[in-house]
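Heads up: the structure comes next, in structure tokens.
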Amino acid sequence: MWLSVTVVAAGLAAGGLLLLGVLNFALLRAVNAEAGDTAAGVVKLIDQHSLSEIIQVNPSMQVQVIDGQDRVLAISAGADRLIPMLHDDELRGLKDGEITEIPGDRIGLPGGAARVVMRTAGPPGNPVRVLVARSTDDLDQGVHILRVTLLIAFPLLLGMLAAVMWRVLGAALRPVDALRAGAEEITGGTRHGRLPLPEARDEVYRLAVTLNGMLYRLEAARARQRAFVADAAHELRSPLTNMRTELEVAQRLPDTDWPALSADLLTDVDRLSRLVDDLLLLARSDDARPPTRLADADLGEVVGSVAARYDKVAYTPPPEPVTARVEPDAIGRVVANLLDNADRHARSQVAVEVADEDGYARVTVRDDGPGIPPADRERVFDRFTRLDDARARDAGGTGLGLAIVRELVRRHHGTVTLGDASPGLRVDIRLPVT
């Protein structure tokens, strides 16, 4: 607030000084022009041989006509008849039409100073000089009156501006202060959710709406993070509990089958390893970073190399190479997750194919299993979602496979959709081709 008042005060002061300077220049130029016009008129009278002994001019002026010996030949009313208004040294250094300034009291003019213009007239063999003096008293009085007026009006104007700015800025910043107070309450835990919206639909209102949107997204992200941590802890607890139970039982039994126990423990360790890898991949995908190891890859080869690991997967390669700019390891992980799910639920066979379709590379995985009801086809992409929790846990699923598929495909600006295979499930992946 005070900074704004200081800036306004500096601006007003600079404007006042500029106004005084411009006014003084304009008035001085007018005085010089008036004296020059009067001198030109006297020169014209001399050239016409019609100059009278007493020259009629404005009372604020004095005129003298002097010869080469500095004798006064003609004057205006009030001018000295004997002594030229300019001294010899001043006359010698003055050119025709030039203006000089002398003290006004030297020639009896009121005020502080007088402007004197000198013009040459008459025949070249016997020239005379015309001296016209113009008082600057009215000029000085005008500038003085303006200066006094500004000195009186400036504090009053500054005080009024400060009061107006105090009211206006106070009214404008009141909603901002309400936002600050609301943010402080939210930070302190005494307020939940949203910042107050001002009544006026102005920039502050739009700022509050934007901040509330940001708070909503932060709250949603925090809720997702808490749910993710809780689900991850729950998933990690199950294999750890199994391993602990098996080890405690083995300690109490003298005839423990250690090879069988180590095989069971290794199974749980593998499950833990897969779960940790999946959690790490999802955590990295939450950073919304684009793929960094992109390369032009033949999707037929990528999908074929993954499909070759499964016994009951029938792979149909494309007739021509389908090239896309992808991260091959990520796309291989997508296909592997889909084939794992299909292999786990298929009754007899899983089919996978790659095709070029309307500018997109399409990867399709079909199985003849029970499929997924339409109402659940969006929910299955949520993390830790299982439609049959008991069966999925027994089969070693973590509920992260399809979530990882969607995240990786989204990072490649692609789409993943679920449909009916009649019977079974059909999964279509579409990726932009190069």
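Only this structure's heavy atoms are used, side chains among them; waters, hydrogens and symmetry mates stay out.
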Could you tell me whether [X] and [Y] make a salt bridge, using a distance below 4.0 angstrom between a side-chain N and a carboxylate O?
X: R333; Y: E407; value: no
X: E248; Y: R252; value: no
X: R106; Y: E90; value: yes
X: D89; Y: R92; value: no
X: E203; Y: R206; value: yes

Next item on the list: Please identify each residue that fulfils salt bridge (charged side-chain N to carboxylate O under 4.0 Å, His left out) with D343, with sequence neighbours left out.
Entry: K312
Check: Given the rule in the side-chain hydrogen bond (donor to acceptor under 3.5 Å, both in side chains) test, do D368 and S348 qualify, once you have shown the distances and angles that lead to the verdict?
Finding: CA-CA 7 Å; D368 56 357; S348 60; 2.4 Å; yes
Please give me the minimum heavy-atom distance between [X] and [Y], naming the atom from each residue.
X: A336; Y: R309; result: CB-NH1, 4.5 Å
X: P318; Y: V354; result: CB-O, 3.3 Å
X: V313; Y: A307; result: CG1-CB, 3.9 Å
X: V57; Y: V63; result: CG1-CG2, 3.6 Å
X: D47; Y: A121; result: OD1-CB, 4.3 Å
X: A421; Y: D367; result: CB-O, 3.9 Å

Next item on the list: Tell me, with the steps shown, if Q62 and M85 meet side chain to side chain contact (heavy atoms under 4.5 Å, CB included).
Entry: CA-CA 9 Å; Q62 290 186 10; M85 61 182 66; 4.1 Å; yes
Checklist line | side chain to side chain contact (heavy atoms under 4.5 Å, CB included) assessment of V303 paired with V352 | finding: CA-CA 8 Å; V303 175; V352 57; 3.7 Å; yes
Can you tell me how far the [atom1] atom of [X] sits from the [atom2] atom of [Y], to the nearest 0.5 Å?
X: Y310; Y: Q349; atom1: OH; atom2: CD; value: 15.5 Å
X: H413; Y: T415; atom1: NE2; atom2: OG1; value: 13.0 Å
X: M118; Y: K95; atom1: CE; atom2: NZ; value: 10.5 Å
X: L338; Y: I404; atom1: CG; atom2: CD1; value: 11.0 Å
X: L86; Y: L94; atom1: CG; atom2: CG; value: 6.5 Å
X: N212; Y: R217; atom1: CG; atom2: CZ; value: 10.5 Å

Checklist line | Derivation and outcome, side chain to side chain contact (heavy atoms under 4.5 Å, CB included), residues V405 and I429 | finding: CA-CA 9 Å; V405 167; I429 303 292; 4.1 Å; yes
Side-chain touch [X]/[Y], heavy atoms, less than 4.5 angstrom:
X: H412; Y: I331; result: yes
X: R362; Y: E353; result: yes
X: L28; Y: R115; result: yes
X: V132; Y: M61; result: yes
X: L402; Y: N337; result: no
X: N58; Y: T38; result: no
X: L431; Y: Y360; result: no
X: E320; Y: D356; result: no

Note to self: Donor-acceptor check, side chain of R134 to backbone of V116, threshold 3.5 angstrom: yes or no?
What the structure shows: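 Pair absent, no side-chain N/O of R134 close to backbone of V116.
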Check: Taking only residues two or more places apart in sequence or in another chain, which ones pass side-chain contact (heavy atoms from CB on, under 4.5 Å) with T417?
Finding: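 With neighbours one apart ignored, the set is D428, R430.
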Checklist line | Test item: side-chain donor near acceptor, N32 and R29, under 3.5 Å | finding: no
Notebook entry, point to check: With no hydrogens and no angle check, do the side chains of R366 and T364 hold a donor and an acceptor under 3.5 Å apart?
Noted result: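 No - no donor-acceptor pair under 3.5 Å links their side chains.
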Next item on the list: Begin from the C-alpha positions of L299 and T323 and carry the test side chain to side chain contact (heavy atoms under 4.5 Å, CB included) through to its verdict.
Entry: CA-CA 6 Å; L299 290 183; T323 303; over 6 Å; no
Note to self: One pair to check against salt bridge (charged side-chain N to carboxylate O under 4.0 Å, His left out): R119 and D96. What are the steps and the verdict?
What the structure shows: CA-CA 5 Å; R119 291 290 303 273; D96 186 24; 3.6 Å; yes
Next item on the list: Count the heavy atoms belonging to other residues, nucleotides or ligands that lie under 6.0 Å from OH of Y315, then report whether that count exceeds 12.
Entry: yes
